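Notes follow the structure.
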Number of protein chains: 2
Amino acid sequence: MSPRKFFHPDAAALTLHRILFALSDPTRLAVVSELKDGAERASGDLLAESVPRSTMTHHLKILREAGVTRTRPEGMRCLISLRRDDVDARFPGLLEAILAHGHSG
Amino acid sequence: MSPRKFFHPDAAALTLHRILFALSDPTRLAVVSELKDGAERASGDLLAESVPRSTMTHHLKILREAGVTRTRPEGMRCLISLRRDDVDARFPGLLEAILAHGHSG
DNA sequence: TACGATGTACGACGAACACCGTACATTATC
DNA sequence: GATAATGTACGGTGTTCGTCGTACATCGTA
């Protein structure tokens with residue numbers, strides 16, 4: 001009955017090339033774009049119609065382990081949000097520049 | 001005897017995920033960091049002591065085809081420079097945010 | 001406890017990648 | 001033309017990635 005646990009790297013442990021890699025995939029870029037307003041969204045609501053669950057789990061794990069997103073269990077679901085404060089503190093302007101463009105490129 | 005030709009994508013054809021992927025490798029990030037002052041540098045002078053020539057050719061090709069760098073033949077050598085104007089026009093602030101951090105992360 | 005809903009773990013597959021040695025092409029100089 | 005310097009193309013190897021189906025775990029509710 002232990003509650004679900006998710007590994008999140010410390011803010012100081014974020015590396016630029018890992019973050020850039022996490023954002024170098026169109027699917028993950030689309031996920032991040034859906035989170036750019038700062039709100040939490042349930043995992044199952046992200047691109048639900050176009051991406052199978054196991055594939056989405058894989059992408060969310062890469063984003064989370066790179067330090068780009070935070071995953072918080074809430075009942076049966078998982079709420080995903082951007083770690084905007086931590087990323088901004090370490091790489092100022094990076095997320096802003098990436099999110100400004102949406103994900104059409 | 002045709003002079004050497006290098007494919008460069010049009011500025012309008014740059015895509016965000018390709019650029020981010022090109023910059024998601026520590027070696028390529030180090031190369032870009034050496035070019036951030038805007039000057040041209042010879043291919044053979046970039047990380048020459050730590051990366052074999054054929055490997056460097058591989059990385060420079062990825063950077064060039066993503067639209068991050070420009071390659072210009074000059075005699076026997078190849079001069080590499082950042083396509084800062086084109087990248088900035090399409091993704092304002094992106095290169096600045098990435099280059100601000102050097103390449104230690 | 002039984003059930004349905006949500007998400008993860010694991011395995012498999014094909015594709016792409018990083019790395020590098022070798023052979024080749026291009027260039028300048030002798 | 002011959003030679004040396006620089007960089008590319010090609011091939012091979014091992015690794016990683018993206019995708020997804022299936023089985024399992026967790027959670028809320030009946």
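Convention: sequence-line order gives letters A, B, ...; per-chain numbering from 1. As the structure is a computational prediction, the values presented were derived from the model and not from experiment.
- Atom CZ of A/R72 is separated from atom C1' of C/dT6 by 16 Å (rounded to the nearest Å).
- Ranked by how close their nearest DNA chain D nucleotide is to the 5' end, A/T27 and A/E74 are led by A/T27.
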Please tabulate, for the side chains in residues 58-69 of chain B, all donor-acceptor contacts under 3.5 angstrom to protein atoms that are two or more places apart in sequence or on a different chain.
| residue | atom | partner | partner atom | Å |
| --- | --- | --- | --- | --- |
| B/H59 | ND1 | B/R28 | NH1 | 3.1 |
| B/R64 | NH1 | B/F7 | O | 2.8 |
| B/T69 | OG1 | B/R64 | N | 3.4 |

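- Between B/P26 and B/S24, the shortest heavy-atom contact is CD-O, 4.0 Å.
- Taking the side chain as every heavy atom from C-beta outward, A/D88 and A/L94 never approach each other to under 4.5 Å.
- The closest donor-acceptor contact from the side chain of B/T55 to the backbone of B/V51 lies at 3.5 Å or more, if one exists at all.
- Under 4.0 Å is where a charged nitrogen must lie from a carboxylate oxygen, and between A/E34 and A/K36 no such pair does.
- Side chain of A/H8 to main chain of A/F6: a donor-acceptor pair is present (N/O by atom type, distance under 3.5 Å, no hydrogens or angles).
- Without hydrogens or angle criteria, A/R53 side chain to A/G44 main chain gives no donor-acceptor distance under 3.5 Å.
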- request: Would you mind building the protein contact string for nucleotides 4-9 of chain D? One character per nucleotide, 5' to 3', B for base within reach (heavy atoms under 4.0 Å), S for sugar-phosphate only, - for untouched.
  value: -BBBBB

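- Taking CE from B/M56 and OG from B/S43, the interatomic distance works out to 6.5 Å, rounded to the nearest 0.5 Å.
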So which protein nitrogen or oxygen atoms get under 3.5 Å of nucleotides 16-18 of chain C's nitrogens or oxygens?
| residue | atom | partner | partner atom | Å |
| --- | --- | --- | --- | --- |
| C/dA18 | OP1 | B/R28 | NH1 | 3.1 |
| C/dA18 | OP1 | B/R28 | NH2 | 3.1 |
| C/dA18 | OP2 | B/H58 | NE2 | 2.9 |

